[in-house]
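Reading through the structure tokens given below for one structure.
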Amino acid sequence: MAKEVLTENLNPQQREAVLYNDGPMLVLAGAGSGKTRVITYKFAYLVKKKRFPASSIFTVTFTNKAADEMKQRINLFFSKGLKQTWIGTFHSLCNRILRREIDVLGYRNDFSIYDEEERASLIKQILKDFNIHEALYKGVCNKISLLKSALISPEDFLTHNNGYSFDEKLGRVYLRYQDELKRFNALDFDDLVLLTIQLFKIYPSILKKYHDLFSYILVDEFQDTNQSQYTLLKILASQHRNICVVGDDDQSIYKFRGADIQNIFNFKKDFSEVKVIKLEQNYRSTQNILNVSNHLISKNFLRNDKKLWTDKCTGERVFYCRLNNEEEEARYVARSIKDLYLKANYEYRDFAVLYRINIQAKAIEDALRAESIPYHIISGISFYQRKEIKDLISYLKVIMNPDDNVSLVRIINSFYRGIGNATISKIELEARNLGLSLFATIKSMIRSNGLTLTIKNKLHDLIANIESISSKSFKNTADLLKEIIDKTDYVNRLDDKRLQNLFELISSAENTSLREFLDKVSLISSADDSPKGNSVSLMTLHNAKGLEFPVVFIIGLEDGILPYFKAIDDGEELQEERRLLYVGMTRARDYLCLTGAKRRKLFSKYQDFEPSRFLADIPRECCNWIEKIQPTIEDSNDDKAPMPPSSPYALTYSIGTKVKHPVWGVGVIRDCYGEGEDKKVMINFPGIGIKRLALKFANLQTMA
DNA sequence: AAAACTCCTCTTTTT
DNA sequence: GAGGAGTTTT
């Protein structure tokens, strides 16, 4: 049975946001204020009550995870489920449009999509050609991406600088990069949005088609849009002006990737008739946590003022503890986790440790391991970025789009070893001379005589394999992948673990066409990072956005770490660091614990750190403020977790022991206290809860 | 193709 | 001061 659109389930502001649909609306949604709820209800309301076709609502977010969650929650309102919808990320929705329309822009619709790595290898190649130090590629990639997200074309960029500066060179690299992408029939992530804009600007008739198709635009995480994304939204909304954007300027933490917080303020100017709604009721955190967070963020200037409130209780005080060094900090965190785990009714999955930079995780890992606390790290490295996976995907890309030189070179290097860079350069030079693709050039060079026989044989294999695979039709992409593996000796060089990954890739390719599969793997980065097992989560503050945990630790509250030293001299960046801390704090439901170290190792040398300047922005009366700083003497025994087992009882019933109780069944000992006859245990019985029992009467049985 | 050497960086990373 | 990437040497 489909869920009803019951607006009584919403608070007044949420309801207003759902019911209002006479033009542009800006919903300023504070952390934990139910913004996804508003978007899903609004979607359902528009379709069920206002008779908008579901396929006419362009609903856009930033991550696949968010898009999937939204789809799922929207589908609950429709008994049959929706089939044709436009709910997705900017990139996936643009991709969908471009796959249909791109031919007018001089690309074929079997274009490849390049990720960071492929972009980097193309840029490296260009730098080499231009005799520019190749090691600069990272900075060049970044700058080009920022230019593209700011809608500055190579031509614009070249005309706006006037000398032989570095920018002049950068401009020429940028120009060449775009030309090469087109020659390879490839788009990078930025192009997906950029070319969609171009398409609409150059071809009004195509724009008309999509104007007629989309009658409402819903945008999530609007504060994270860059200029090109916002431009696309403006173009799409220009006719009917039915656009609702939801966001929170206080949670804008992706400036370094081009996100422009200014878009929130521009929205009010560009759509002067805008209706602004603030969602300030928070359904997540205790009052203490909100007090602390509100105070902190209020120190930022240039923001839409908001004050989160809750009808939850005051809750525990926010902890702040400063320790001597990173090891002690980590030990403090680990022991606090264990302590809370044992004393309160929390699972390990209820805890998160958040940090500014990835290297901070190391000390925490060591400490958690020492306390045998299970944990997992949520990081950016994904399944699809592994070498063996990307090699296979490159093979698929060449099969779909033989002009894709970056992928072709990659598969030559990984599948047809023995062909070195010298040979590849020779072929590339020839390709330029002939004005042919690399693939066609290789074909012609096999027949000419400028190469050794061994190399010719390898190249012949390459061409023959690709052509034979391309000419066959496969039931699905899994079979295609198997064929590639059969025809090459690639798998012989892989160890078991990598082989296992390949099997996983193959099974994920069942039931999809080549095109679908490549779109999926190109536009997904992190392969479903759903929390593995019941363990503590470790992640950067950036990765924590959108999540929530009952207990949150934020470590490294030091000037130089948070705020990071590179951001300290720049007012804008300092504000972003403050927002980063704010995002971290507002992840917490019940407990928030901040820690810092006096001394830590950074860049392989010990340095002293002052407490974070942000600590001055939070009200102490909401906190428990502890400084565990010992000048020199190693003295860490006074803060050991409360569990030193010494009596015979404690030995048999030490923490973690599985026991069986005649009434409650099997449980795990969480705490053990008291002496002799009065000894009591605290036991967590799964599904029943925590019981405190006197050991004398409990009648426990130890289990293996 | 592996080994040795040198140089460089050292923040965060939705697609 | 470690670790990665690129380059040169064997």
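Every chain is numbered from 1 and lettered A, B, ... according to where its sequence line falls, protein lines coming before strand lines. Remember, predicted model here, so these are calculated numbers, not experimental data.
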Atom [atom1] of [X] to atom [atom2] of [N]: distance rounded to whole Å?
X        : N      : atom1 : atom2 : result
A/Gln360 : B/dT11 : CD    : P     : 12 Å
A/Lys65  : B/dT13 : NZ    : P     : 14 Å
A/Ile554 : B/dT12 : CD1   : C1'   : 15 Å
A/Leu146 : B/dT13 : CG    : C1'   : 12 Å
A/Ile561 : B/dT11 : CD1   : C1'   : 10 Å
A/Lys601 : C/dG1  : NZ    : C1'   : 8 Å
A/Phe62  : B/dT13 : CZ    : P     : 17 Å
A/Leu580 : B/dT12 : CG    : P     : 11 Å

What is the nucleic acid contact for [X], judged by heavy atoms within less than 4.0 Å: base, sugar-phosphate only, or nothing?
X        : answer
A/Asn358 : sugar-phosphate
A/Glu576 : nothing
A/Lys124 : sugar-phosphate

| task | Starting from the 5' end of DNA chain B, give me the residue, A/Glu577 or A/Leu192, whose nearest nucleotide shows up first. | result | A/Glu577
| DNA chain B: 5'-proximal contact among A/Asp190 and A/Ile359 (nearest heavy atom) | A/Ile359
| remark: For A/Arg587 and A/Ala544, the nearest pair of non-hydrogen atoms, with its separation, is CD-O, 3.2 Å
| note | Smallest heavy-atom separation, A/Asn226 atom then A/Gly258 atom, equals CB-O, 3.1 Å
| Side chains of A/Asp249 and A/Gln223: is there a donor and an acceptor less than 3.5 Å apart? | no
| message | If we count only N and O atoms by modelled type, under 3.5 Å, do the side chains of A/Asp190 and A/Ser149 hold a donor and an acceptor together? | response | no
Is [Y] paired with [X] through a side-chain N to carboxylate O contact shorter than 4.0 Å?
X        : Y        : answer
A/Lys566 : A/Glu573 : no
A/Arg579 : A/Glu576 : yes
A/Asp519 : A/Arg96  : no

| Euclidean distance, A/Met585 CE relative to A/Leu580 CG, rounded to 0.5 Å | 11.0 Å
If you check the [X] side chain, which of [options] turns out closest?
X        : options                : result
A/Leu523 : B/dT15, B/dT12, B/dT11 : B/dT15
A/His91  : B/dT15, B/dT11, B/dT12 : B/dT15
A/Ala259 : B/dT15, B/dT14, B/dT12 : B/dT14
A/Thr540 : B/dC10, B/dT12, B/dT15 : B/dT12

Does [X] make a side-chain N or O approach to OP1 or OP2 of [N] shorter than 4.0 Å?
X        : N      : result
A/Lys566 : B/dT11 : yes
A/Asn64  : B/dT15 : yes
A/Tyr254 : B/dT13 : no

| field | Distance, C1' atom - from C/dG6 to B/dT11, rounded to whole angstrom | value | 24 Å
| query | Expressed as a whole number of Å, how far does the C1' atom of C/dA2 sit from that of B/dT13? | reply | 23 Å
| For A/Phe256 and B/dT11, do the ring centres fall under 5.5 Å apart while the planes stay under 30° apart? | no
| said: Would A/Tyr564 count as stacking on B/dT11 if stacking means ring centres less than 5.5 angstrom apart and planes tilted under 30 degrees? | reply: yes
| query | In what stems does DNA chain B take part, counting only runs of at least 3 consecutive Watson-Crick or G-U pairs whose two distances fall under 3.5 Å? | reply | B:1-10 with C:1-10
| task | Decide yes or no for A/Val246 and A/Thr36: does some side-chain heavy atom of the first lie under 4.5 Å from some side-chain heavy atom of the second? | result | no
